[in-house]
Protein chains: 2
Amino acid sequence: MSDSTPKPAEAPPKIPRRSSLPTLADVAREAGVSKMAASSALNGGQNSARVSAETRERVMAAAERLRYRPNANARALTYRRTNAIGFVTTLMGREPNAYFLEVFGGVIEGAMATGQTTAVFTLGSWDEAPTRIPALCDGRVDGLVVLAPRLEDDGESWLPEHTPMVSVHASGNWRAGGVNVESDEEAGAYDMVRQMFALGHRRILHVGGPEGFPGADRRIDGYMRAHADAGVTPPRDHVLRTSFTAEGGAQAMQAWLQRHRGRPLPDAVFGGSDAIAIGCMEALAVRGLNVPRDISVVGFDHTLLARTLHMAAVRQPLHEMGRRAVDVLVQLIEASRRDEAYVGPSNIVLLPETVPGRTLAEPRRTPLLID
Amino acid sequence: MSDSTPKPAEAPPKIPRRSSLPTLADVAREAGVSKMAASSALNGGQNSARVSAETRERVMAAAERLRYRPNANARALTYRRTNAIGFVTTLMGREPNAYFLEVFGGVIEGAMATGQTTAVFTLGSWDEAPTRIPALCDGRVDGLVVLAPRLEDDGESWLPEHTPMVSVHASGNWRAGGVNVESDEEAGAYDMVRQMFALGHRRILHVGGPEGFPGADRRIDGYMRAHADAGVTPPRDHVLRTSFTAEGGAQAMQAWLQRHRGRPLPDAVFGGSDAIAIGCMEALAVRGLNVPRDISVVGFDHTLLARTLHMAAVRQPLHEMGRRAVDVLVQLIEASRRDEAYVGPSNIVLLPETVPGRTLAEPRRTPLLID
DNA sequence: TTGAAAGCGCTAACAT
DNA sequence: ATGTTAGCGCTTTCAA
């Protein structure tokens with residue numbers, strides 16, 4: 001056809017003349033049949049009447065020989081479907097994030113279970129979302145799972161309508177009409193503190209996460225409600241705020257102990273995250289205090305860190321949340337393809353649970369003094 | 001054109017009539033120009049002579065209004081390039097893996113730096129590789145980073161030639177001719193044990209990883225070489241093997257202590273991984289032993305766990321390895337596109353370093369007895 | 001400055 | 001049972 005008229009040599013174009021991957025045409029040529037025959041031999045059911053057994057055999061053999069794989073992009077173009085989902089997250093700093101890892105595990109599991117692959121897109125910060133997220137809605141994935149969008153912006157003005165999307169732990173009113181998966185952190189914190197009261201603890205210090213994180217606020221709310229239920233009013237300086245890191249926890253704890261020298265040691269510390277709790281334990285260890293004999297310490301999230309250390313903590317079902325997000329996303333995608341409306345809850349709330357551990361025990365009979 | 005002859009209503013086909021995403025044709029129609037004009041208005045440089053400023057303006061406005069994004073699959077088809085790389089890993093069990101997370105962080109960083117996106121493909125086990133990996137070489141990614149392929153199989157028989165690939169921590173002769181990135185674990189272990197000797201430690205227990213893991217073997221090799229250098233022959237029962245988990249470490253340590261009651265406590269424990277070391281510390285704590293006062297404990301990898309706990313450990317540059325793997329992969333992809341040969345090392349070896357921490361100190365003067 | 005045509009690799013619909 | 005055509009959405013020739 002096009003090679004009937006030999007062309008003069010020309011400078012190499014920017015786009016390579018042909019892909020290095022074998023194509024259906026290659027297979028067809030190799031098998032001595034038309035592209036169509038090859039296509040239906042490869043795709044048709046085992047006993048489709050489309051091609052003869054003999055032809056199928058030849059085509060299969062040729063495909064095998066050439067290590068042929070149907071081109072995913074061409075398929076996506078015709079099927080209007082990539083069988084891939086995107087997972088969007090912000091990467092805070094270079095330090096990998098246990099929280100992300102947990103949700104990611106669930107997403108991967110869900111994707112595998114539904115025969116999807118997962119593309120990960122990381123944003124340097126949430127500020128990039130309005131420019132980067134729309135750029136991902138270009139047919140490369142069938143839908144998006146977005147982890148922890150920020151409160152201030154509901155995305156209404158910049159989120160493309162046409163790509164199905166599920167948010168995880170969206171705070172506030174992210175994309176009204178979209179689907180969100182979250183856990184009831186307030187209830188989780190409440191239950192943990194309630195159990196600590198039941199164990200006999202009274203003076204419980206909360207070293208919480210930073211201002212501006214709705215999750216941190218909700219944990220404080222739960223802490224306060226459990227106190228209210230128990231008829232206890234925690235002194236104002238029993239609620240601290242620091243960054244969601246071990247360093248943050250250690251510093252906050254250390255400074256607090258410093259400020260309260262000579263006063264009685266609290267019965268327990270409720271960390272706003274696992275990392276904070278670990279930091280608190282460090283600061284306590286430096287003073288020679290033993291956990292849980294002298295003071296109990298509990299965390300929040302129960303990620304890898306807490307599990308490995310057998311730390312008592314509120315377990316957020318992060319893995320399940322990732323999993324659920326994918327399941328719902330697939331439903332959204334299906335509905336969108338059929339041009340149907342998605343019927344199902346628009347906010348899915350999972351319940352945290354309180355996990356016991358070696359860092360939580362009954363309080364001392366005689367409180368220690370901070371030295 | 002095709003809508004000139006109205007067709008009778010028909011049953012909805014399996015493939016949706018048209019994509020829900022706006023296309024270039026939509027933009028062109030909206031702007032009242034041809035597809036071509038729209039294309040060059042959108043792609044051409046700011047002052048390309050291709051279209052008039054007025055046309056460009058109209059096209060841009062239309063694109064904006066429609067929230068237009070060029071379809072990634074169509075582009076991939078014409079450019080023969082997706083600007084995506086794949087990251088293949090085996091997921092052992094449901095528990096997320098700190099080792100994976102570290103490398104992944106580097107891969108993500110490298111991908112972002114080179115303007116690629118990352119697709120993650122997980123295998124249930126390495127047995128799936130011969131079927132799953134070739135299936136990924138279908139144009140959906142430009143190349144693959146494969147984490148920790150197994151020793152027994154060099155992949156020669158089933159790995160497609162046409163997709164650039166970089167392995168990380170491949171043991172042995174995986175894909176002769178391919179590029180591999182690894183770290184010198186033997187040297188890492190050697191240096192750590194050497195430093196422990198320098199600190200005064202003599203009786204060092206090694207609780208290593210399981211048989212069949214080349215990495216575990218190499219760490220033992222380094223441990224032995226450091227001993228040989230110091231002129232010390234460790235008793236045979238000073239090298240244990242267990243699974244790469246905290247439970248494994250705890251069990252092995254506990255059992256060992258049990259078996260050696262009444263005998264002197266070792267000066268230190270060298271864990272074959274961070275998790276193993278943590279398990280050992282647990283088992284020691286149960287017996288009331290203090291780290292590092294009574295006995296030092298060090299780990300291997302220096303992942304999130306070790307960093308958070310300020311544990312002394314051999315740091316494998318996992319993040320850097322992921323990063324390097326992507327950089328090399330991009331080179332391979334470029335070379336492949338230009339039909340050139342890749343010039344560069346086929347095995348890139350990074351050096352681990354020994355990181356001090358709170359769990360490693362000078363040994364006791366007077367050894368304790370195990371009770 | 002603009003438009004029309006061809007082709008990337010594939011599959012569904014329509015011929016034969 | 002097989003081959004031909006058209007079209008997915010895009011960009012790059014080539015022609016006006």
Side-chain angles (χ1 to χ4, degrees), chain A residues 1-3 7 10-11 13-29 31-44 47-59 63 66 68-82 138-140, chain B residues 1-3 7 10-29 31-44 47-56 58-59 63 66 68-82 138-140:
Chain A
M1 320 257 173
S2 62
D3 51 2
K7 301 224 185 82
E10 53 189 58
K14 277 194 306 188
I15 298 181
R17 269 265 310 132
R18 46 164 287 122
S19 160
S20 53
L21 280 61
T23 75
L24 186 61
D26 295 328
V27 175
R29 190 178 326 108
V33 298
S34 74
K35 275 173 28 174
M36 231 355 260
S39 175
S40 32
L42 291 168
N43 295 322
N47 38 19
S48 151
R50 193 65 176 72
V51 291
S52 68
E54 195 265 346
T55 301
R56 155 168 288 113
E57 202 60 35
R58 278 231 309 288
V59 172
L66 267 47
Y68 169 75
R69 290 277 129 197
N71 183 290
N73 300 119
R75 275 201 138 135
L77 213 47
T78 56
Y79 287 136
R80 289 166 193 73
R81 157 153 219 162
T82 61
D138 61 356
R140 84 179 75 189
Chain B
M1 320 254 181
S2 62
D3 53 2
K7 302 227 183 81
E10 53 189 58
K14 276 195 304 189
I15 297 182
R17 269 265 309 130
R18 46 166 284 122
S19 161
S20 53
L21 279 62
T23 76
L24 185 62
D26 296 328
V27 175
R29 192 179 323 111
V33 297
S34 74
K35 274 173 30 174
M36 236 343 272
S39 175
S40 33
L42 292 168
N43 295 323
N47 39 19
S48 151
R50 193 64 175 73
V51 290
S52 69
E54 194 265 346
T55 302
R56 155 170 288 112
R58 279 228 311 286
V59 171
L66 267 45
Y68 169 74
R69 291 276 128 200
N71 183 291
N73 300 118
R75 276 201 139 137
L77 212 46
T78 56
Y79 286 135
R80 288 167 195 73
R81 158 153 219 164
T82 61
D138 60 357
R140 82 179 78 188

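Naming convention: chains lettered A, B, ... in sequence-line order (proteins, then strands); numbering from 1 in each chain.
- Taking every side-chain heavy atom of Leu24(B) into account, dT11(D) is the closest of dT11(C), dT11(D), dG9(D).
- Of all nucleotides listed (dT11(D), dG3(C), dG9(D)), dT11(D) comes nearest to the side chain of Ser39(B).
- Closest to the Met36(B) side chain, of the nucleotides dG9(D), dT4(D), dA4(C), is dA4(C).
- Arg80(B) has its CZ atom 11 Å from the P atom of dT12(D), to the nearest Å.
- Atom C1' of nucleotide dG9(D) and atom CG of Asp26(B) are separated by 10 Å, given to the nearest angstrom.
- The separation between Arg81(A) atom CZ and dG9(D) atom P is 16 Å, rounded to whole Å.
- For dT2(D), neither phosphate oxygen OP1 nor OP2 lies less than 4.0 angstrom from any side-chain nitrogen or oxygen of Ser40(A).
- Under the rule for a side-chain contact (heavy atoms from CB on, under 4.5 Å), the partners of Arg81(B) that lie at least two apart in sequence or sit in another chain are Tyr79(B), Asn83(B), Gln116(B), Asp142(B), Ile333(B), Glu334(B), Arg337(B).
- The side chain of Ala74(B) lies closest to dG9(D) when the candidates are dG3(C), dG9(D), dG3(D).
- The side-chain hydrogen bond (donor to acceptor under 3.5 Å, both in side chains) test applied to Arg75(B) returns Asn43(B), not counting sequence neighbours.
- Here the straight-line distance linking atom OG1 of Thr23(A) with atom NZ of Lys35(A) works out to 7.5 Å at 0.5 Å rounding.
- Of all nucleotides listed (dT4(D), dT11(C), dC10(D)), dT4(D) comes nearest to the side chain of Ser34(A).
- Contact check, Arg75(A) against dT11(C): a side-chain N or O comes under 4.0 Å of OP1 or OP2.
- The distance from the CG atom of Leu24(A) to the CZ atom of Arg29(A) is 10.5 Å, given to the nearest 0.5 Å.
- Checked against salt bridge (Lys or Arg N to Asp or Glu O under 4.0 Å), Arg58(A) has the following partners two or more places apart in sequence or in another chain: Glu54(A).
- In this structure, CG on Asn73(B) lies 10.0 Å from OG1 on Thr82(B), to the nearest 0.5 angstrom.
- End-to-end axis angle of the helix from dT1(C)-dA16(D) to dT16(C)-dA1(D), using five pairs per end and rounding to 10°, comes to 60°.
- Distance Lys35(A) NZ to dG9(C) C1': 7 Å, rounded to the nearest Å.
- If you take CZ of Arg29(B) and C1' of dC10(D), they are 15 Å apart, rounded to a whole angstrom.
- Between the P atom of dG9(C) and the CG atom of Asn71(A) lies a distance of 7 Å, rounded to the nearest Å.
- For dT11(C), one of the phosphate oxygens OP1 or OP2 lies less than 4.0 angstrom from a side-chain nitrogen or oxygen of Asn43(A).
- The two residues Arg80(B) and Thr78(B) make their nearest non-hydrogen contact at NH1-O, 2.9 Å.
- Distance, Leu77(B) CG to dC8(D) P: 14 Å, rounded to whole Å.
- Residue Tyr68(B) forms a side-chain contact (heavy atoms from CB on, under 4.5 Å) with just one option from Val27(B), Val59(B), Leu21(B), and that option is Val27(B).
- Among the nucleotides dT11(C), dG9(D), dC10(C), the one closest to any side-chain atom of Thr23(A) is dC10(C).
- For Thr55(B) and Asn73(A), each mapped to the nucleotide of DNA chain C holding its nearest heavy atom, the one lying further toward the 5' end belongs to Thr55(B).
- Between the CZ atom of Arg140(A) and the P atom of dC10(D) there is a distance of 14 Å, given to the nearest Å.
- In this structure, Tyr79(A) does not reach the dG9(D) phosphate: none of its side-chain N or O atoms is under 4.0 Å from OP1 or OP2.
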